[in-house]
Amino acid sequence: MIRQPIVSVLGHVDHGKTTLLDKIRGTSVARREAGAITQHIGATEVPIDAIYKICGKLINKKFKVPGLLFIDTPGHEAFTTLRARGGALADLAVLVIDINEGIMPQTVESINILKRYKTPFVIAANKIDLIYGWKNCKDEPFIFAIQKQKEEVQQSVDEKIYKIVEKLYELGFSADRYDRIADFTQNLAIIPMSAKLGIGIADLLLVLVGLAQRFLEENLKTEEGPGEGTVLEVKEERGLGKTIDVILYSGTMRKGDTIVVGSHDEPIITKIKAILKPKPLDEMRDPRDRFLSVDEVHAAAGIKIAAPNLENALAGSPVIVADDNLEEVVNRVRKETGIHIETQEEGVIIKADALGSLEALAYELKQEGLPIKMADIGDISKRDIVNAQTIGNPLYRVILGFNVKILPDAEKEASKIKIFTNNVVYKIIEDYKEWMDEKKRELEAEKRMEITFPGKFKILPEYIFRLSKPAIVGVRVLGGRIRVGQRILREDGRVVGRIKSIRSGENNVLEAIMGEEVAIAIDGVTVGRQVKAGETYYVDIPEEHARKLFKMNLSYEDKEVLDEIARIKRKEKPFWGL
Ligand SMILES: Nc1nc2c(ncn2[C@@H]2O[C@H](COP(=O)(O)OP(=O)(O)OP(=O)(O)O)[C@@H](O)[C@H]2O)c(=O)[nH]1
């Protein structure tokens with residue numbers, strides 16, 4: 001026996017994942033005739049008879065694959081969360097690309113994930129109906145609809161496809177329009193479609209069953225035996241308590257079976273109280289009465305399991321039936337729920353909602369060469385923030401959260417460090433990198449503050465406020481900057497006085513930069529003796545600082561002032577600063 005392949009839908013935001021799934025679901029959910037589409041928990045099954053019906057003339061042979069099971073939750077976050085035996089739960093994936101927009105950042109991210117999990121996939125080049133001049137052709141297969149289009153429209157479709165083909169080539173794939181592919185092992189199939197109008201749905205289903213039949217037959221052989229599944233979601237249900245929505249991908253699960261479920265802590269060992277499926281729409285008299293209880297279920301299926309002690313069950317973790325091998329199963333679940341992410345002494349803290357998403361984030365960070373200090377599942381807590389505060393390198397003093405919230409008690413502490421959360425990995429990394437650049441600039445600036453920077457100023461004769469103790473004079477900064485605490489260098493090389501304070505308008509400030517006119521108080525000088533009105537002075541730079549400044553990337557003006565200071569200094573010490 002072969003089971004239905006499990007199919008996931010991924011793609012960039014707004015490219016049409018939900019619309020595609022809705023279309024597939026909507027095609028005949030309401031009709032309960034033979035071969036109609038059936039609703040599972042968290043999944044939609046398109047039985048092979050329904051596919052024959054939808055494809056009509058498009059199919060001229062029989063398949064062994066009994067149908068396709070589409071996971072209802074689209075997006076690559078869901079894909080990475082849904083794992084089986086450490087790999088991807090989905091046997092196949094549909095990558096949706098808006099044909100008019102082409103490959104976007106999340107498309108690339110999805111491709112990387114699919115590559116990493118070695119999941120075969122096809123491309124749904126969606127929204128062809130938006131191509132200028134496209135004639136409706138609702139619910140028709142693409143290959144028939146395209147023949148009804150004008151020559152220019154056909155050309156337009158191909159041009160857009162070739163843009164995608166070129167990009168995919170850069171990403172390491174050879175791709176083509178599906179009806180021009182002879183060898184599906186060598187080429188990635190592109191199915192042009194309109195999820196909205198139902199165009200190309202038939203072609204997509206056909207390519208998917210074809211691929212499954214040809215390349216996955218071995219993987220799809222159902223092992224008769226204890227059921228194995230993946231937790232999609234942990235949900236509270238009225239009258240049932242905490243339940244788990246599960247995709248069963250192997251074997252059989254029965255009411256009364258002992259199951260082992262992954263959790264944050266030790267695996268949960270419990271007994272199945274009820275296996276629930278959605279009630280067909282026309283049998284649902286009371287909307288609260290949504291489920292149908294069954295005694296057993298075979299892979300592949302989407303089911304809800306009610307059992308005691310599921311409070312700590314973890315989305316994305318395994319659910320395995322155990323009989324006399326309980327210990328072995330517990331060990332396996334523990335191992336598959338464990339976090340295996342490489343961490344370093346110095347790095348960032350990452351959090352995610354599930355193991356798969358945590359690994360996806362870790363993977364992308366590794367690609368970027370960014371180290372991880374700690375990786376964990378769950379919302380961002382106060383403890384995470386305390387941990388982040390101990391990170392030495394200020395550039396890594398951050399928490400990156402994928403699909404998680406900041407817990408209320410952490411919210412109060414959140415301002416102490418930087419937190420980036422998003423449900424798109426590339427956004428988290430992009431935002432973090434942007435912040436990092438800014439932070440680097442800030443740190444550079446701070447570092448500059450510690451070094452005495454070149455500065456040049458002139459005492460304005462019309463603003464002599466006090467002659468001494470301290471002398472208070474108005475100055476114009478002619479170049480670089482002057483700072484409180486700096487000593488004053490005269491053109492003859494003598495160092496006199498010390499800037500005690502700087503006043504700009506009504507405010508005391510720490511420094512003044514080129515172009516500013518400020519009043520400064522100078523200790524240890526008397527105007528008319530050590531310093532004179534109308535004369536130009538410099539900041540005295542310690543030689544050690546000058547050496548560093550010569551190596552820094554200074555602005556042209558700063559460099560010029562530094563050179564002037566060096567010239568003064570070198571009259572006495574020819575190699576000053578070198
Ligand atoms: N014209 C046209 N619009 C489409 C098609 N498919 C989807 N759309 C529209 O595109 C928008 C986004 O579609 P969704 O299905 O929500 O996209 P999604 O990829 O699921 O988006 P997220 O869930 O936000 O990631 C909606 O306004 C859809 O109506 C299509 O084939 N043709």
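Just so you know, residue 1 is the first one in the sequence shown, and it goes up from there. One-based numbering, in listed order, for ligands and for the atoms of each.
- Of all the heavy atoms of Thr19, the ones lying under 4.0 Å from any atom of ligand 1 are found in both the backbone and the side chain.
- Side chain of Glu438 to main chain of Glu434: no donor-acceptor pair is present (N/O by atom type, distance under 3.5 Å, no hydrogens or angles).
- A cation-pi arrangement is present between Lys418 and Phe420, with the terminal nitrogen or guanidinium carbon under 6.0 Å from the aromatic centre and inside a 45° cone about the axis.
- Looking at ligand 1, you'll find an N or O of Gly16 within less than 3.5 Å of one of its N or O atoms.
- For atom 3 (N) of ligand 1, the closest non-hydrogen atom of the protein is Lys196 CD, 3.6 Å.
- Atom 27 (O) of ligand 1 is not flagged as protein-proximal [any protein heavy atom, distance under 4.0 Å].
- Within a 6.0 Å sphere centred on NZ of Lys382, heavy atoms belonging to other residues, nucleotides or ligands number 12 at most.
- Near His12, meaning under 4.0 Å from one of its heavy atoms, ligand 1 places the atoms 19 (O).
- In summary, the atoms of ligand 1 found under 4.0 Å from a heavy atom of Leu130, numbered by their order in the structure, are 1 (N).
- Taking all heavy atoms of Gly198, Ala195, Gly200 into account, the minimum distance to atom 31 (O) of ligand 1 is reached by Ala195.
- Between Glu237 and Arg290 there is a salt bridge, since a side-chain N of the basic residue sits under 4.0 Å from a carboxylate O of the acidic one.
- With a 4.0 Å cut-off on non-hydrogen atoms, His15 touches ligand 1 through its backbone and not its side chain.
- Note that Arg3 lies outside the cation-pi zone of Tyr249, set by a 6.0 Å cut-off to the ring centre and a 45° limit from the axis.
- Closest approach of Gln39 and Thr44 over heavy atoms only: NE2-OG1, 3.5 Å.
- Below 30°, between 30° and 60°, or above 60°: for Tyr426 and His12 the angle between ring planes is below 30°, a parallel geometry.
- If you number the atoms of ligand 1 from 1 as listed, the ones under 4.0 Å from a heavy atom of Asp14 come out as 10 (O), 12 (C), 17 (O), 18 (P), 19 (O), 21 (O), 22 (P), 24 (O), 25 (O).
- When non-hydrogen atoms are compared, ligand 1 lies under 4.0 Å from the backbone of Thr18 as well as from its side chain.
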